[in-house]
Structures are given as structure tokens and as C-alpha cells.
J.: 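Mind having a look at this structure? Questions to follow.
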Amino acid sequence: MKQNFAIAIHGGAGTILRSSMTIALQQQYEKGLRDALDAGYAILEQGGSSLDAVETAVTILEDCPLFNAGRGSVFNHIGGHEMDAAIMDGRNMAAGAVAGVRSIKNPVKLAKAVMQHSGHVMLFGNGAEDFAKTQRIEFADDAYFFNQSRYQQLQEALMEGIVQMDHSDKKFGTVGAVALDASGNLAASTSTGGMTNKQFGRVGDSPIIGAGTYANNDTCAISCTGHGELFIRAVVAHDISCLMEYKDLSLQVACDILVYDKLIKIGGEGGLIAIDKAGNIYMPFNSDGMYRAFKKSDGTGEIKIYKD
Ligand code: ASP
């Protein structure tokens, strides 16, 4: 029997309300999600690996200025961009991550190069950029990353003296993908510009293996979005895997414990996308909305933004 395959993606969670969205903007978000979903799914359909599928989906989301990753990354305190990304292969639990990288067009590609060619799991800042030069990774200049509305968000955050989520209305915009391929392998990837007005080299949960990103063929693949500090403290992605592995809980029950109990108790707002080795997909969030989508080989799929 042919093994089923599936992919899920997210474009961030937070205070995303119908009342503050125009139809035109909603359509743009949906198109951004659909383009990434379809490209990742096409790889799986052709028998490609879940690793390539998540890399491709995240690359497309990084290239879309609507999302807080790659091109659309938020500004840090000094008006620059420092991006974090990770990728993990559930087949052998190989992982690669980068933190605080500047001028890298697609941080997910650099994370994958770290995994495959550096002999390390995580590189940060200048060192990661030097490594990128040895790997034919594409760089982009400041103009590529400039976005007037994000710049405005930084000015507001500076005036208020706060480190804020993607928008002043607390919208997270990180992107991520999880997939199961026809060979039964799971993979996960997450990429982000972090939080507006972040400083002192702040790194969120996205590139931390086990916090914002995790994949293990025996259990699940997870990509998170939300207030990173809390996701690090709750070790969200690995904890879900552990609940499945050691307590034999289902994907849904394990995710619910983290998203609706552990995170809530410490004030952790956000959500995640999850897939298990059988191809079940679950996309819970405790915020008002989360840009999310999935597509399965059984023909089911959806693209959603709000709670209902
Ligand atoms: N988790 C990301 C971070 O804290 C932010 C987000 O998901 O939007 O860096």
C-alpha cells in the first residue's frame, strides 16, 4: 500500500481578527500561504523528501513580505534585521539552525547548509554569515528587507519603549512547515525575524531545537509561533514529542497539554503546527488567530486564519 503524505504550514499567530482585516489583504495572505503549501506539496507528490518540502515551503514564505521572516522580517532596536531559522530531519534527528543572521535572503537554506555541511547544529551572527559565504548562500542588501509598515512598527515600539510582537496589535508572523513524505519521514522547519525592537542579540524559540522546532520519525514534527521566551521555557516542541513517546499520548492530546495548559499557565501566547508519523495534522493556538494551512494525499486540506 502506498504510504500517505502531507504538509502543514503556518505564517504566525496572534491578535488576527476579521474586524481588522480587509478582504484584499486577507486574499494576499491566503495566496502567500497557498503558494508555499502547493510548492511543498508538489515535492511530496513527486516522491521528494519531507526535508525538501519544508525547506521549499519556508523559502516561499520567507520571500513573501507579508510574513515576519526573510524579506518581511521585523526591525530590531537599531533598525536592522537579525533572523533566526531551523530545520530538522526526523529520519536521523539531524538538525541545523542559525541565529541573529543579517543579510541572508533565505535563512532556512543556511540552516539546512549548517545541518548538512558544517558538522555543527547551530551557528550565530558573523560566524554564520562567514559560513554562508562558503556555501553559495544568497545575500541581500538592506533595501531588500526594507518595509515601510515594519519600520513604522519599530518607531512606535521605540516611542513606547517596548519589545513588541510582529505588530502593535500583538501579531506574530514567524513562518514554519512540517511534513510527512511517502517514505514515512518527518521534517520540520521554522524561520523568523523575531520581535520588533529586540536588542542585545535576543534569540527566540524558532532556532532552538526542541523549543520552536523539532522532528522525530518515532513521534511527530512541530513548528511553533508565539512569544518565543515562553516557548523556550516550556520546551514546547520536544515536550510534545516526549508526551507521545513516553506517555503514549496522541498528537492532539499532547499538543493540547502544551498549548492550552502549560503555555497558558506561564502566559505564553501563540500556537503551532504538528504532524505525526501517521500523517495526522493538528494546528492548535491560544491566540485569536494563526495563519495556517495543510494539504494531505487523501485529498483533504484547508487554508485558515481565524479561530472559527
Ligand atoms: N516565536 C518568534 C520569536 O519569539 C516570534 C513569532 O512567532 O512571531 O522570535
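Note that ligands are numbered from 1 as they come in the structure, with each ligand's atoms numbered from 1 the same way.
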J.: Check whether any N or O atom of Gly204, backbone or side chain, sits under 3.5 Å from an N or O atom of ligand 1, and answer yes or no.
T.: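 In this structure, Gly204 places no N or O atom under 3.5 Å from an N or O of ligand 1.
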
J.: In terms of atom number and element, which parts of ligand 1 are under 4.0 angstrom from non-hydrogen atoms of Asp205?
T.: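 Near Asp205, the atoms of ligand 1 are 1 (N), 2 (C), 3 (C), 4 (O).
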
J.: Tell me which pairs pass salt bridge (Lys or Arg N to Asp or Glu O under 4.0 Å) where either residue lies in residues 75-93, with sequence neighbours left out.
T.: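 Sorted result for residues 75-93: Asp89-Arg91.
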
J.: Does Gly212 come within less than 4.0 Å of ligand 1, judged by its heavy atoms?
T.: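 Flag not set, Gly212 not near ligand 1.
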
J.: Any ring-ring contact (aromatic ring centres under 6.0 Å, His included) involving residues 201-222? Give me the pairs, sequence neighbours left out, ordered by first then second residue.
T.: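 Residue pairs with at least one partner in residues 201-222: Tyr214-His238.
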
J.: Could you check whether Arg71 makes a cation-pi contact with Tyr144, meaning its NZ or CZ is under 6.0 Å from the centre of the six-membered ring and within 45° of the ring axis?
T.: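 Yes, Arg71 and Tyr144 form such a contact.
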
J.: Below 3.5 angstrom, do we get any N/O pair linking Glu229 and ligand 1?
T.: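 Min N/O separation from ligand 1 is not below 3.5 Å for Glu229.
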
J.: Could you tell me which atoms of ligand 1, counted from 1 in the order shown, lie closer than 4.0 angstrom to a heavy atom of Thr225?
T.: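 Under 4.0 Å from Thr225, ligand 1 has these atoms: 6 (C), 7 (O), 8 (O).
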
J.: Check Asp205, Thr213, Thr225 against Thr190 for a side-chain hydrogen bond (donor to acceptor under 3.5 Å, both in side chains) and give me the one that passes.
T.: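 Going through the options one by one, the only one that passes is Thr213.
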
J.: Using a 3.5 Å cut-off on N or O atoms only, is Met195 in polar contact with ligand 1?
T.: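 In fact, backbone or side chain, Met195 has no N or O that close.
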
J.: Measuring from the heavy atoms of Gly194, does anything fall under 4.0 Å of ligand 1?
T.: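 Contact check Gly194 vs ligand 1: positive.
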
J.: When you compare the side chains of Asn147 and Ser149, does any donor N or O come within less than 3.5 Å of an acceptor on the partner?
T.: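 There is such a pair between these side chains.
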
J.: Do Thr219 and Ser241 have a side chain donor and acceptor closer than 3.5 Å?
T.: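 Yes, because at least one side-chain N or O of Thr219 sits under 3.5 Å from a partner of the opposite role on Ser241.
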
J.: If you take the nearest heavy atom of each of Arg202, His227, Met290, which one is closest to atom 3 (C) of ligand 1?
T.: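 Looking at heavy atoms only, Arg202 sits closest to atom 3 (C) of ligand 1.
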
